[in-house]
Chemist: 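First the structure, then my questions, so here it is.
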Amino acid sequence: MTSTMKIPFLDLASPHQELESELLAVAKKAFQTAGFIGGPMVEEFEREFALFCDAKYCVGVNSGTDALRFAFLAAGVNPGDIIVTVPHTFIATTEAISQAGAHIAFVDIHEETYTMDPEKLREYLEDHCELDGATGKLIEKVSKRVVSAVVPVHLYGQTAEMDPILDLAKKYNLIVIEDACQAHGAEYFSKNENAWKRAGSMGKAAAFSFYPGKNLGACGEGGAITTNDEAMALRMKMIRDHGQAKKYYHDIEGYNGRLDSIQAGWLSVKLRHLAKWNESRRSLAHRYHDLLTDAKDGIIVPREATWTKGVFHLYVVRVQDREELQTFLAAAGIGTGIHYPIPLHLQKAYQDLGYKPGEFPVTERVAAEIVSLPMFPQLSYDQQNIVVNKLKEFVAPKVGASL
């Protein structure tokens, strides 16, 4: 899409052209030292990213999916346990749950923020589960499985409402793992702590993806886990490297889930620019808000909750006739995306879970209407004006016809 669209949905070429000399220097260093796996560049990035996230430790891994899976394994989720998350997210969230040997349970999202609705989580925990007095564990009534963890997804660059989620987790002895794969640098104001908290610093651990299109993207695959738990960090380092405490001494079975040195070096270069890029995204998002004010009858713009400072990984609006809009914008050379068109509980991959249409009405309604508009730090005001004008051109006759 980048090469054919006049205004691409995402521009991955420009930032790499701007940083070309720095990025090539990283590759040259790796070639000179033959340090391709682990080593100083990975360790340096881990220190820098932990500091960025206000966390004590960071463990670099191969992908965001590995980050979630390794976090579950290291946090103490047992095979057969239930992990609760939302159906409005990328499938990597739930793949990691299944691959850790756990079972998936869904709760619906909030219609304005698109993140986990704490009240729906409360309803699930109170109405569908009960505490075992002998063990203190939460048991799902129907399946009789232990509910051990909850995964709030910080979606589109906005954090989930963490205080009530953490309060419920504490009440029911649940592990909280943040899915922060779209929230590099996002912040949440905790009334409980009377402080702004970075995504990646609030749960027992947090998973990040460095897929190229992310706010902080590698030039390939990459991921990381942040945590304040030293023992957990050490265990995740073993899990990512075949369970090795030291070379050829395997305390446990693990995985080949390491972060390449060159990718870590490139991420270190980009991390120095991330705050500026995030601020550019915020500025562009707020400008979208302002430019679309007079089209609010036909377009629902994203709401940034008072308790979050989003980093707008995506700028997602809601409209009727989404496919028609995408065709209209594509004809004008404007790229768009959909994140995500089919809720996870209705995906063929999860038909065995037994969920039916209508069980998560907010997710289903949102999934049918969302469109992601062009959003990247180098998006110009002129390009943004064209996008908005075309969007208004599409919506105007439909709004008029409904009056």
Chemist: Please assess K137 against D132 for the test salt bridge (Lys or Arg N to Asp or Glu O under 4.0 Å), listing each intermediate value before the final yes or no.
Modeler: CA-CA 5 Å; K137 294 182 177 180; D132 184 316; over 6 Å; no
Chemist: Are L138 and E130 packed together at the side-chain level, in the sense that at least one heavy-atom pair is separated by less than 4.5 angstrom?
Modeler: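 No, their side chains stay 4.5 Å or more apart.
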Chemist: Quick one: do Y156 and F312 satisfy ring pair (Phe, Tyr, Trp, His ring centres under 6.0 Å)? Show the steps, please.
Modeler: CA-CA 6 Å; Y156 303 153; F312 291 94; 9.9 Å; no
Chemist: Would you call F72 and V151 a side-chain contact if the rule is heavy atoms closer than 4.5 Å?
Modeler: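 Side chain of F72 against side chain of V151, heavy atoms only: contact under 4.5 Å found.
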Chemist: I'd like to know if D117 pairs up with R122 as an ion pair, taking the criterion as any Lys NZ or Arg NE/NH1/NH2 lying under 4.0 Å from an Asp or Glu carboxylate oxygen.
Modeler: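 Here D117 does not pair with R122 in a salt bridge, since their nearest N and O are not under 4.0 Å apart.
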Chemist: Please set out all donor-acceptor pairs under 3.5 angstrom arising from side-chain atoms of residues 57-64, sequence neighbours excluded.
Modeler:
from, atom 1, to, atom 2, distance (Å)
S63, OG, T65, N, 3.4
S63, OG, D66, N, 3.1

Chemist: With the threshold set at 4.0 Å, does a side-chain nitrogen-carboxylate oxygen contact exist between R282 and E304?
Modeler: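 Looking at R282 and E304, the cut-off is met.
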Chemist: Does NZ or CZ of K191 fall inside the cone over W307's six-membered ring, less than 6.0 Å from its centre and within 45° of the axis?
Modeler: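 Here K191 fails the 6.0 Å and 45° test against W307.
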Chemist: Only one of H313, H154, H184 clears ring pair (Phe, Tyr, Trp, His ring centres under 6.0 Å) with F208; which?
Modeler: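 For F208, the ring pair (Phe, Tyr, Trp, His ring centres under 6.0 Å) test succeeds with only one of H313, H154, H184, which is H184.
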Chemist: Would R318 and E111 pass as an ion pair if we require N to O under 4.0 Å?
Modeler: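 Yes, this pair counts.
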Chemist: Can you find a heavy atom in the side chain of N192 that is under 4.5 Å from one in the side chain of L166?
Modeler: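 The answer is no, as the side chains (C-beta and beyond) never meet within the 4.5 Å cut-off.
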Chemist: For H339, check ring-ring contact (aromatic ring centres under 6.0 Å, His included) against everything at least two apart and list the hits.
Modeler: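 Per chain and number, H339 pairs via ring-ring contact (aromatic ring centres under 6.0 Å, His included) with F9.
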Chemist: Could you point out which residue of V301, L391, L379, V317 forms a side chain to side chain contact (heavy atoms under 4.5 Å, CB included) with Y288?
Modeler: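 Testing each of V301, L391, L379, V317 against Y288, the sole residue satisfying side chain to side chain contact (heavy atoms under 4.5 Å, CB included) is L379.
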Chemist: Is it true that F45 and F210 have ring centroids separated by less than 6.0 Å?
Modeler: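 Centroid distance F45-F210: below 6.0 Å, so yes.
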Chemist: Are any of the side-chain heavy atoms of V84 and V107 separated by less than 4.5 Å?
Modeler: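 Yes. Closest side-chain heavy atoms under 4.5 Å.
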Chemist: Can E46 and R240 be said to form a salt bridge (Lys or Arg N to Asp or Glu O under 4.0 Å), step by step?
Modeler: CA-CA 14 Å; E46 289 174 335; R240 74 177 176 185; 2.8 Å; yes
Chemist: Under 30°, 30 to 60°, or over 60°: which ring-plane class applies to Y124 and H128, parallel, tilted or perpendicular?
Modeler: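 The rings of Y124 and H128 lie parallel, inter-plane angle below 30°.
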Chemist: Can you tell me if K247 and H242 form a side-chain donor-acceptor pair at under 3.5 Å?
Modeler: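 No pair is found: no donor N or O on one side chain lies under 3.5 Å from an acceptor on the other.
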Chemist: Using 30° and 60° as the class limits, which term best fits the ring planes of F106 and Y355: parallel, tilted or perpendicular?
Modeler: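 Aromatic pair F106/Y355 classed tilted.
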Chemist: Hey, is CZ on F36 packed in by over 12 heavy atoms from elsewhere, all under 6.0 Å?
Modeler: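 Counting neighbours around CZ of F36, more than 12 heavy atoms of other residues, nucleotides or ligands fall under 6.0 Å, so yes.
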Chemist: Taking N173 for the side chain and G136 for the main chain, is one N or O donor matched with an acceptor at less than 3.5 Å?
Modeler: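 Side chain of N173 to backbone of G136: a pair is present.
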Chemist: So do the side chains of V86 and D108 get within less than 4.5 Å of each other, counting heavy atoms only?
Modeler: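 V86 does not reach D108 side chain to side chain.
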Chemist: Between the side chain of D127 and the main-chain N/O of C129, is any donor-acceptor distance below 3.5 Å?
Modeler: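 Not confirmed, D127 side chain does not pair with C129 backbone.
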Chemist: More than 12 heavy atoms of other residues, nucleotides or ligands under 6.0 Å from NZ of K120: is that the case?
Modeler: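 Atom NZ in K120 is not packed in, count stays at 12 or less.
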Chemist: With the side chain counted from C-beta on, respond yes when F49 and L267 share a heavy-atom pair under 4.5 Å apart, and no when they do not.
Modeler: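 Answer no - side chains too far apart.
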Chemist: Go through the structure and list residues passing side chain to side chain contact (heavy atoms under 4.5 Å, CB included) with S98, not counting sequence neighbours.
Modeler: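 I104, Y350.
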Chemist: Any chance the side chains of S268 and E48 put a donor and an acceptor closer than 3.5 Å?
Modeler: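 Side-chain D/A pair, S268 to E48: present.
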Chemist: We want to know whether S201 and D54 form a side-chain donor-acceptor pair, criterion being a heavy-atom distance below 3.5 angstrom.
Modeler: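 The criterion, which ignores hydrogens and geometry beyond distance, is not satisfied for D54 and S201.
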Chemist: With a sphere of 6.0 Å drawn around NZ of K28, does it hold more than 12 non-hydrogen atoms of other residues, nucleotides or ligands?
Modeler: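 Counting other residues, nucleotides and ligands, NZ of K28 stays at 12 neighbours or fewer.
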Chemist: For R272, is there an ion pair with E22 - N to carboxylate O distance below 4.0 angstrom?
Modeler: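 Here E22 pairs with R272 in a salt bridge, since their nearest N and O are under 4.0 Å apart.
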Chemist: Go through the side-chain N and O atoms of T159 and T308 and say whether any donor and acceptor fall under 3.5 Å apart.
Modeler: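 Yes, because at least one side-chain N or O of T159 sits under 3.5 Å from a partner of the opposite role on T308.
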Chemist: Could you tell me whether R198 sits above the aromatic face of Y188, with NZ or CZ closer than 6.0 angstrom to the six-membered ring centre and within 45 degrees of the axis?
Modeler: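 R198 over Y188 ring: no.
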Chemist: Taking atom types as modelled and ignoring hydrogens, do the side chains of D11 and S14 form a donor-acceptor contact shorter than 3.5 angstrom?
Modeler: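 There is such a pair (donor and acceptor under 3.5 Å, judged by atom type) between the side chains of D11 and S14.
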Chemist: Using a distance-only test with no angle check, is there a side-chain donor-acceptor pair under 3.5 angstrom linking E369 and Q320?
Modeler: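 Their side chains do contain a donor-acceptor pair, which is all the 3.5 Å distance test asks for.
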Chemist: Heavy-atom distance under 4.5 Å between the side chains of V176 and K204, does that happen here?
Modeler: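 Heavy-atom side-chain distance check fails, nothing below 4.5 Å.
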Chemist: Quick test of your reading of the model: are K390 and E393 salt-bridged, counting only N-O distances below 4.0 Å?
Modeler: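 Counted as a salt bridge, because a side-chain N and a carboxylate O are separated by less than 4.0 Å.
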Chemist: Please say whether the positively charged group of K246, taken as NZ for Lys or CZ for Arg, lies over the ring of Y249, i.e. under 6.0 angstrom from the six-membered ring centre and within 45 degrees of the axis.
Modeler: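 Yes, cation above the ring, under 6.0 Å and within 45°.
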Chemist: Does Y211, at its OH atom, have more than 12 non-hydrogen atoms belonging to other residues, nucleotides or ligands within less than 6.0 Å?
Modeler: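 12 or below, so no.
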